[in-house]
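See below for the structure under consideration.
Convention: sequence-line order gives letters A, B, ...; per-chain numbering from 1.
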Amino acid sequence: MSKFQAPKGVSEYFPPNSDQFEYVRDHLLTAAKLAGYSLIELPVFEDTEVFTRGVGESTDVVSKEMYTFEDRGGRSITLRPEGTAGVMRAVIEHNLDRGQLPVKLFYTGPFFRAERPQAGRYRQFYQVGIEAIGYNDPEIDVEVISVADTAFKALGLKQYKLNITSLADAKSRDNHRKDLVKFIAGLKLDEATIERAKLNPLRLFDDKRDEIKNAMSKAPLLLDYLSSESKSHFEEVKRLLSEINIEYTINPRMVRGLDYYTGTTFEFDHALLGAQSGIGGGGRYDGLMTSLGGAEVSGIGFGLGVDRILMACLAEESLPSTINQIQLFVVPITDSGKSVGFKLISQLRDAGISCDLAYGDRGLKGGMKAADKSGARYCLVIGDDEISSGKCELKLMSSGEVISSSLAVSDLISRLGNSK
RNA sequence: GUGGGCGUAGCUCAGCUGGUAGAGCACCCGGUUGUGGUCCGGGAUGUCGCGGGUUCGAGCCCCGUCGCUCACCCCA
């Protein structure tokens with residue numbers, strides 16, 4: 001056992017499997033770019049207040065899961081537990097909402113929550129998120145959802161499910177909350193559950209215990225309290241989802257852990273992930289901008305869990321067997337072969353062809369083994385024969401088939417370039 | 001923060017009612033003075049998580065401790 005270990009509960013990715021992580025993240029980012037979202041790169045730490053005011057003091061995320069510390073200037077700093085609040089801080093600070101709307105942004109990177117780790121739940125984890133700020137068109141709601149859906153499909157995922165609901169506007173929520181609190185007061189509950197309900201009565205909809213589920217089956221649902229405006233918005237969202245063939249389940253009992261959500265709210269679950277099955281979620285946030293000191297502008301976005309989506313892809317075996325395959329592996333078997341090969345890979349790389357060389361004087365057999373392990377598409381042996389004749393063979397590793405070539409870089413480039 | 005399971009080779013694990021540690025995979029070398037994967041032969045590798053206790057003797061039993069893991073709460 002080595003002396004040092006990574007801090008508890010962090011996810012780490014290293015070869016040979018880190019390319020799978022990269023593959024998943026790239027597909028999520030590609031889907032965002034495909035829909036016109038642009039990168040926003042932000043610090044992983046913020047003024048603690050960005051989160052206490054943005055995410056909400058009463059949430060678990062803020063009240064017990066944040067990595068908060070004092071910096072050397074005595075400021076309270078927090079490692080970001082989620083992405084949206086920081087994005088809104090930057091939007092306000094840099095007046096990004098003063099130009100043409102909507103502002104469409106994507107981000108990726110590590111996030112931090114000080115929870116007890118378990119399968120699919122890490123203290124440092126990775127998200128890809130997008131935010132569309134400026135309008136509250138139902139089309140934008142559906143666009144955001146479809147970006148996630150497109151990415152999941154591109155990754156070959158099938159066993160995931162979209163849950164949606166509407167958390168409506170403040171007035172609808174207040175009306176519902178009053179009735180819900182009244183309803184809960186009539187139930188026989190244990191101390192801890194009563195405390196939970198005080199914090200947020202909606203939480204009880206999420207309880208996993210059967211007796212609570214049964215009791216809550218007759219509870220008043222927010223969806224029955226929607227104002228006509230919220231209702232027609234939600235109806236339109238559902239219609240648009242159907243129009244672009246995105247399947248969804250209306251889940252009026254869905255609960256989200258962040259306070260800022262209003263209106264359309266959604267979650268993606270994966271069937272094969274065990275207890276932590278959420279692979280992404282998001283929703284609209286009407287009050288967030290103003291609570292952080294900005295203009296009254298509506299926005300919607302999502303956060304996708306890269307770690308969990310990778311787990312889902314592995315569970316469904318949806319990833320390609322070779323990722324980031326290099327084109328050529330050069331095996332030198334003499335000193336002069338090594339010298340020629342070394343120059344060769346430099347020139348090929350300049351031409352944009354990925355290649356590598358067998359280092360370490362391991363001889364032909366060792367070099368071929370290295371070629372095999374590298375996963376390269378082709379290998380090329382260079383010894384004295386090749387150098388004197390100027391001819392060589394490109395061996396297709398998968399089949400053993402051999403292509404004759406000259407050692408001239410231009411010939412190799414054209415043969416390797418065409419073989420993609 | 002609460003509860004369960006588990007810590008033995010780089011990895012996955014076996015190790016009988018306590019008797020001084022093993023397998024498979026991976027790695028290295030060779031069989032094949034110039035072609036990898038399969039096959040065959042050979043080789044290296046461990047303070048059995050750590051500390052204490054019981055015992056003639058502990059990988060195994062007891063206590064403590066650290067770590068990992070799964071689940072609860074909650075979330076990506």
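- With hydrogens and angles ignored, no donor-acceptor pair closer than 3.5 Å exists between the side chain of A/Gln276 and the base of B/A71.
- If you check every strand for non-hydrogen atoms under 4.0 Å, A/Ser63 touches nothing.
- Side-chain rings of A/Tyr126 and A/Phe21 approach one another, their centers coming within less than 6.0 Å.
- The nucleotide whose nearest atom lies closest to any side-chain atom of A/Lys369 is, among B/G67, B/G37, B/U35, B/G37.
- Place A/Leu273 and A/Val61 on RNA chain B by their nearest nucleotides, and A/Leu273 ends up nearer the 5' end.
- A ring-centre distance under 6.0 Å is not found for A/Tyr285 and A/Tyr261.
- The side chain of A/Arg116 contributes no N or O atom lying less than 4.0 Å from OP1 or OP2 of B/G3.
- Within the nucleic acid shown, A/Arg256 comes within 4.0 Å of sugar-phosphate atoms alone, with no base atom in reach, counting heavy atoms only.
- Under the 4.5 Å side-chain criterion, counting only non-hydrogen atoms from C-beta, A/Tyr122 is not in contact with A/Pro117.
- You'll find the ring centres of A/Tyr37 and A/Phe106 outside the 6.0 Å limit.
- Listed pair A/Lys373 / B/C27 meets the phosphate criterion, a side-chain N or O lying under 4.0 Å from OP1 or OP2.
- A/Tyr260 and A/Asp286 form no side-chain donor-acceptor contact under 3.5 Å, judged by distance and modelled atom types alone.
- Heavy atoms of A/Lys395 sit under 4.0 angstrom from at least one base atom.
- The aromatic ring of A/Phe125 sits over the base of B/A76, with ring centres less than 5.5 Å apart and planes inclined by under 30°.
- Within 4.0 Å (heavy atoms only), A/Ile279 reaches sugar-phosphate atoms of the nucleic acid but no base atom.
- Remark: the separation of the P atoms in B/G49 and B/G67 is 16 Å, to the nearest Å.
- To the nearest whole angstrom, the two C1' atoms, one in B/C62 and one in B/C25, are 36 Å apart.
- Both A/Ala370 and A/Gly278 lie near RNA chain B, and the one whose nearest nucleotide falls closer to the 5' end is A/Ala370.
- When distances run from any side-chain atom of A/Arg308 to the nucleotides B/A76, B/C70, B/G37, the shortest one goes to B/A76.
- Contact annotation for A/Glu82: no contact, since no heavy-atom pair falls under 4.0 Å across all strands.
- Look at A/Arg362 and you'll find a side-chain N or O under 4.0 angstrom from OP1 or OP2 of B/C28.
- Residue-level contact check: A/Gly120 touches the bases, meaning some heavy atom is under 4.0 Å from a base atom.
- Contact check, A/Gln118 against B/U69: no side-chain N or O comes under 4.0 Å of OP1 or OP2.
- Between A/Phe152 and A/Phe268, the distance from one ring center to the other falls under 6.0 angstrom.
- Among the atoms of the strands shown, base atoms are found under 4.0 Å from some heavy atom of A/Glu386.
- Within the 4.0 angstrom heavy-atom criterion, base atoms lie near A/Gly400.
- Using a 4.0 Å heavy-atom criterion, one finds that A/Asp269 contacts no nucleic acid atom at all.
- No contact: A/Tyr126 has no heavy atom under 4.0 Å from any strand.
- Here A/Lys365 does not reach the OP1 or OP2 of B/U35: none of its side-chain N or O atoms lies under 4.0 Å away.
- Atom-to-atom, CG of A/Leu364 to P of B/G30 comes out at 12 Å; the value is rounded to the nearest Å.
- Within 4.0 Å (heavy atoms only), A/Ala371 reaches no atom of the nucleic acid at all.
- Here the shortest heavy-atom pairing between A/Leu348 and A/Ile413 reads CD2-CG1, 3.6 Å.
- Using a 4.0 Å heavy-atom criterion, one finds that A/Asp385 contacts the bases of the nucleic acid, with or without backbone contacts as well.
- Across all strands shown, A/Lys8 has heavy atoms under 4.0 Å from sugar-phosphate atoms exclusively, and none from any base.
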